[in-house]
Amino acid sequence: MEMVTVSCPSCGFSRSVPRSAIPAGATHVNCPRCKTRFAWEASSATAPPVPPVAPRPAAVPPASPGIPVRKPAPPTQELAGNEMAGVEELFRLAWDTFKQRWGTLLGLFFLTPLLALVPSGVFFGACHLLASALPASRTALLAVGGFGALVMALLVYSWGFGALVYATVDDGADLRSSLAEGKRLLWPYLWVTTLLGIIIGGGFLLAVIPGIIFSVWFFFAAFILFAEGTGGMDAVLKSREYVRGNWFDVFVRLLIIWGISGLLGLIPVVGPIVSILIAPFVMLVQALIYRDLRRVKGDVPYPCGTRDKAVWLGIGIVGYVVVLGVGGYLVATSPLIQMLKQGKAGAALMVPAPANPGEEAGTISFGSGPSGDRPSSPESVSASLADQDLADCMLYVYALDYTGTVKVNGEERYVIKGERNMNYNYTGSAGLKRGENTVTVDYQTLPDTSLREIKIKLYRYDWDAKQEHLIGEWSLNDDGGSRSFTVQVE
């Protein structure tokens, strides 16, 4: 029985079927592996019987949907051999190209931020003027203006930077054609950069090493988009296939050009200017590395099935999930959260709450702790503390309808803001030292208030037992003045 082989152009999956089972003429085939539908003609198949062929890991897929196919710019003809060009040769070729095309490259490089800033600035300025005319909607208008200006700047900058990438991979591109190509591929370019951000960013969040590896593997995705018309995850995966087997060579070349650019930027006075001027040259070297990989490896096949794409996106997302999970756990178990769970405000945390009009002055307690209903301590108190206990001594301040400051040993610890009918709670390090300590309160009541109270408490907090050990507490509710309390630490 005569057999023919049908191969998917997207993922490389092959299967041998009897020729008699295939209709004459062109036939559309659905690949069972990657679900791609492609045209296949039986007459183009090899006639002799062919044994079943094991699935290949990859094949060259068509251009991404929505991106018109264009003839790729041919790799530079000056490079030869089966090995990657050396750094010196790459620099020479890049410099020769830069001397011929510096006007286009520098023009795009400087035009890009101008294109981004002018329209976004005009938009934000218009929203600001409108906010001045409509003060009731000022906050909303400024928010809309800021967000809209940011989005506009991002889109326009991506357009200009994409045009610059295109100019580095097509030696015949001028300023106008580069901007036209950047505009045509703006959304595919934004999608590629978004995918790279997810995957590479997730790699760095998992650990630094995977992030570095991913950065080199997928570095040429944008170049592939503008040079070959392949976008999305196809461009990302094809970049990895180009770099496969040459990772270290590519890493060294990128590291050298980035290192030189960084060192030039450190030169006093002229360094930043030089670093800006050679930025298009750096991009030319990067484009030449990509073109050199294409020359050495040809039009490489690569895995492009749904599963292949989902795996890399999943790795990137896992990185973000892990970091968010670990960060959430650390926050949830932090001492600050533990104190808040016990009804205490953390260091320098102010919690305003409306006063209770039905409560008499002088009856506001510190909370539900064991010291909440204790009377004020004498103006001079003493405490016996071990050296390690001093760091755990805390100052708590409660203030209602007062302004003023609380100082410990002359150092300002808390400013009482004094918003009417609002009480503020503060907890922070007391800053006690061995020997005599002075707590000073300078305070002034707000006019025409019936409820007013300042309460101050010094205590040592036992983190293991989650208990407070009171040192001293004082209550003030007169018109104002300055009061000092002495704490002797033995």
Side-chain angles (χ1 to χ4, degrees), residues 58 60 72-106 108-109 161 164-173 178 196 200 203 208-228 230 235-267 270-271 274-302:
V60 181
T76 177
Q77 300 298 318
E78 295 191 49
L79 297 173
N82 296 324
E83 300 293 331
M84 290 189 65
V87 175
E88 182 179 353
E89 187 175 7
L90 287 172
F91 274 53
R92 179 183 63 81
L93 292 174
W95 180 244
D96 291 341
T97 304
F98 183 76
K99 288 189 295 184
Q100 298 172 6
R101 307 187 61 227
W102 64 270
T104 298
L105 297 173
L106 286 176
L108 287 169
F109 184 77
F161 198 81
L164 182 58
V165 173
Y166 172 73
T168 62
V169 297
D170 191 328
D171 292 335
S178 297
L196 292 176
I200 297 176
V208 175
I209 299 301
I212 295 174
I213 295 174
F214 293 175
S215 297
V216 178
W217 270 347
F218 306 128
F219 182 80
F220 303 105
F223 293 98
I224 292 171
L225 170 66
F226 284 97
E228 304 178 38
T230 300
V236 175
L237 296 175
K238 193 167 188 177
S239 174
R240 179 173 178 261
E241 204 63 32
Y242 277 133
V243 177
R244 186 192 295 274
N246 298 284
W247 187 93
F248 186 75
D249 293 332
V250 174
F251 172 73
V252 169
R253 285 157 176 75
L254 292 175
L255 187 63
I256 289 174
I257 183 60
W258 293 339
I260 291 175
S261 176
L263 290 175
L264 289 175
L266 297 177
I267 298 175
V270 299
V274 174
S275 183
I276 292 174
L277 291 176
I278 68 168
F281 174 78
V282 172
M283 287 196 63
L284 271 178
V285 175
Q286 295 169 172
L288 278 175
I289 296 173
Y290 154 69
R291 296 167 71 174
D292 196 26
L293 287 170
R294 285 187 63 193
R295 176 187 62 81
V296 171
K297 304 198 71 171
D299 198 5
V300 294
Y302 60 95

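This structure is a prediction, so every number in the text was calculated from the model and none was measured.
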Q: Kindly write out the residues that satisfy side chain to side chain contact (heavy atoms under 4.5 Å, CB included) with Trp247, not counting sequence neighbours, or none if the list is empty.
A: Ile212, Ile213, Val216, Trp217, Val243, Phe251
(Q) One pair to check against side-chain contact (heavy atoms from CB on, under 4.5 Å): Trp258 and Val282. What are the steps and the verdict? (A) CA-CA 8 Å; Trp258 293 339; Val282 172; 4.2 Å; yes
Q.
How close do Leu164 and Leu105 get, counting heavy atoms only, and between which atoms?
A. CD1-O, 3.8 Å
Q. Taking it one step at a time, do Lys238 and Val300 satisfy side-chain contact (heavy atoms from CB on, under 4.5 Å)?
A. CA-CA 8 Å; Lys238 193 167 188 177; Val300 294; 4.3 Å; yes
Q) Quick one: do Asp171 and Arg291 make a salt bridge, cutoff under 4.0 Å? A) yes
Q | Distance (rounded to the nearest 0.5 Å) between Trp102 CH2 and Leu277 CG | A | 11.0 Å
Q) When you check the gap from the basic side-chain N to the acidic O, do Glu241 and Lys297 get nearer than 4.0 Å? A) no
Q.
For Tyr242, run the side chain to side chain contact (heavy atoms under 4.5 Å, CB included) check against Val296, Ile289, Asp292, Ile224 and tell me which one passes.
A. Ile224
Q. What's the shortest heavy-atom distance between Phe281 and Trp95, and which atoms?
A. CE1-N, 3.4 Å
Q: Taking the side chain as every heavy atom from C-beta outward, state whether Ile257 and Phe91 have any pair of such atoms under 4.5 Å apart.
A: yes
Q. Should Leu225 and Thr230 count as side-chain neighbours, where that means a heavy-atom distance under 4.5 Å?
A. no
Q) From Thr168 OG1 over to Leu108 CG, what is the distance, rounded to the nearest 0.5 angstrom? A) 10.0 Å
Q: State, yes or no, whether a side-chain contact exists between Arg240 and Tyr302 at a heavy-atom distance under 4.5 Å.
A: no
Q) If you round to the nearest 0.5 Å, how far is CG of Leu255 from CD1 of Ile260? A) 10.0 Å
Q. Do Phe98 and Met283 touch side chain to side chain, with heavy atoms closer than 4.5 Å?
A. no
Q.
Test of understanding: with side chain to side chain contact (heavy atoms under 4.5 Å, CB included), list the residues that count as partners of Asp249, not counting sequence neighbours.
A. Met84, Asn246, Arg253
**Q.** Heavy-atom pair of closest approach, residues Leu288 and Ala94
**A.** CD1-N, 3.4 Å
Q. What are the two closest heavy atoms between Ser239 and Phe220, and how far apart are they?
A. OG-N, 3.1 Å
Q. To the nearest 0.5 Å, what is the distance between CG (Leu264) and OG (Ser275)?
A. 7.0 Å
Q: Check Arg294 against Ala227 and note the closest heavy-atom contact, atom names and distance.
A: NH1-CB, 4.3 Å
Q) Looking only at heavy atoms, which two atoms of Gly211 and Ile200 are closest? And how far apart? A) O-CG2, 4.0 Å
